[in-house]
There are 2 protein chains.
Amino acid sequence: MFTPTAGRAVRQRAASEETRRQILQTALVLFRERGFDQTTMRDIAGRAGLALGAAYYYFKGKEALVGAYYDFVQQEHLVRARAAFAKGGGLRERLRAALHTKIDIMQGDQRLLRALFRYGGDPDHPLSWFGPASREQRQLSIGVFEEALAGEKLPDDVREVAPTLLWTLHMGVLLYFLYDESPSQRKTRTLIDDAVDFTVDAKRIATLPLMRSVRRRVLNILRVAGLLGETVPVATNL
Amino acid sequence: MFTPTAGRAVRQRAASEETRRQILQTALVLFRERGFDQTTMRDIAGRAGLALGAAYYYFKGKEALVGAYYDFVQQEHLVRARAAFAKGGGLRERLRAALHTKIDIMQGDQRLLRALFRYGGDPDHPLSWFGPASREQRQLSIGVFEEALAGEKLPDDVREVAPTLLWTLHMGVLLYFLYDESPSQRKTRTLIDDAVDFTVDAKRIATLPLMRSVRRRVLNILRVAGLLGETVPVATNL
DNA sequence: GACAAATTTTGAACATGTTCAGAAAAACAG
DNA sequence: CTGTTTTTCTGAACATGTTCAAAATTTGTC
């Protein structure tokens, strides 16, 4: 374990990761500076002090660089949201935190995010928002909202769908954010606060016992459509 | 007017349009056959019996071909939806028709549509779903839902937002359709029917006079966010 | 230290979207 | 019909994402 051999291996692994980090950082700087399309792989490699091929040794392609950024955002979101949750507060505060922290992280990267979103619609694409390739990512993202609801008393059926619905809201907010050119994305912040207020009220109404049949109806639509849970569907469909 | 000169001009214009149509048709055949990415501009030009540059003479680029397809879909949707509306029927029938006709047209073109959707997320892109570049297209699309509601008695505030909300639902259905691999997209059809039923009921409840304040609240959120109407916003914001 | 194996790096080559200067064809004016 | 202008078409050239065989470097083994 402490042999010089292992030591060398560790050093090399560290060096390798450092190079990888270097390339990614350079890429992000350039993406932010001049946009995704205007940045060539040659630019990135060159500015990182490497030949073109080296960039491809560390990243499968240009999109992989964006993918790595997205990984970072997800990770950071979990950390920040948890920190905010730890401070206590009611549902309203927790939902706000979940959404605001996400925007905090992405603030100033709208241009880059547009490049990411570009691939979202294609289910076959690894960076798709909804496709199977990004299921793991999506589950992590939904998990944040699950944690936001951790302390709430909720009917079982609501608890099952609420995180996914909140995630959908969050995607909507992101979409809005993408287009929001107001200073400091003030409009997105307002939208979040208003939407959360509305959501909290809606939750109060939706969880009333007398709403059970309405809930059942909506849930049934979603379930039949296969929009709930990503577990493998058994032959229980229509 | 009937000079041989004008006759020639007309003939040439017709020939030109024919070539354009030819290129577009060839492109669509190839897109459907082997997918958008796997089809090269050289393939298209070659199979249309032209040199590479000619394709670019008629279409600004590869995406323009997809854009032309989208134009066709929109036009066809309006025609088919109107035909269905003319047959009478209540709100439920009209909404179903508006959504089903759209899917009818796109049936079998999921692969192609994914390629189109790819560009949807980038507001700077001419093929974006929400960006200013496609505003006209979007207005046309929203117009179909406006017509679907033409006969309904609706409070003014509802009439103002309903078409846009229905359009949003329609985008959601489209997204679902994109991923729907059930035979004949049966699942999408079911989703449409269920969603329409729910919408019709929701409309009944939402238009009750005692819901006015709730409506006002929701509308306010949307309005502040600038999500309603695409008229130039005057300095009436927060 | 010397050799083998694994890792990292290089840069040329390729594929394909796009541009463009000019050739070819058609339309037009006299 | 002839010359001119406009439209259509050509194919070479270019930019850039990606691949890949081979070189360079590092690591592991003796």
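Just so we're clear, the structure is a prediction, and the values are computed from it rather than from any experiment. In what follows, every chain begins at residue 1, and chains take the letters A, B, ... in the order their sequences are listed.
Nearest heavy-atom pair, K62(B) versus T39(B), reported as atom, atom and distance to 0.1 Å: NZ-O, 2.7 Å. Between A98(A) and F85(A), the shortest heavy-atom contact is CB-CZ, 4.2 Å.
Between E17(A) and R20(A), no side-chain nitrogen of the basic residue sits less than 4.0 Å from a carboxylate oxygen of the acidic one, so the salt-bridge criterion is not met.
Atom CZ in R20(A) sits roughly 12 Å away from atom P in dT8(C) (whole-Å rounding). Rounded to a whole Å, the CG atom of L65(A) is 12 Å from the C1' atom of dG17(D). Between the CD1 atom of I44(B) and the C1' atom of dT16(C) there is a distance of 12 Å, given to the nearest Å. Here the P atom of nucleotide dT18(D) and the CZ atom of F59(A) are 13 Å apart, to the nearest Å. Put simply, CD on E17(B) is 10 Å from P on dT8(D), counting in whole angstrom units. For the pair R34(B) CZ and dT16(C) C1', the interatomic distance rounds to 14 Å; values are reported in whole Å. In this structure, the CD1 atom of I23(A) is 10 Å from the P atom of dT10(C), given to the nearest Å. Note: CG (D43(A)) to P (dG17(D)) measures 8 Å, nearest angstrom.
Looking at the side chain of A51(A), the nearest of the listed nucleotides dG17(C), dT10(C), dG17(D) is dT10(C). Checking dT9(C), dT8(C), dC9(D) against every side-chain atom of S16(A), the shortest atom distance belongs to dT8(C). Closest contact between the side chain of R42(A) and the listed nucleotides dT10(D), dG17(D), dT16(C) involves dG17(D). Of the candidates dT10(C), dT10(D), dG17(D), the closest approach to any side-chain atom of K62(A) belongs to dG17(D).
Counting any heavy atom pair closer than 4.0 Å across all strands shown, L52(A) reaches a base atom.
Counting heavy atoms of neighbouring residues, nucleotides and ligands inside a 6.0 Å radius, atom CD of E136(A) does not exceed 12 of them.
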- Does the side chain to side chain contact (heavy atoms under 4.5 Å, CB included) test come out yes or no for F31(A) and V66(A), once each step is laid out? CA-CA 9 Å; F31(A) 287 161; V66(A) 185; 4.3 Å; yes

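In the model, D43(A) has a side-chain atom that pairs as donor or acceptor with a side-chain atom of T40(A) under 3.5 Å.
When the side-chain nitrogen and oxygen atoms of T40(B) are compared with OP1 and OP2 of dA15(C), none of them lie within a distance under 4.0 Å. Proximity of Y57(A) to the phosphate of dT8(C): a side-chain N or O atom is located under 4.0 Å from OP1 or OP2.
Looking at L78(A), L113(A), I105(A), D109(A) one by one, the single match for side chain to side chain contact (heavy atoms under 4.5 Å, CB included) with V73(A) turns out to be I105(A).
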- Note on the structure: 5' to 3', nucleotides 20-25 of chain C under a 4.0 Å protein heavy-atom cut-off (B base, S sugar-phosphate only, - none) gives ------

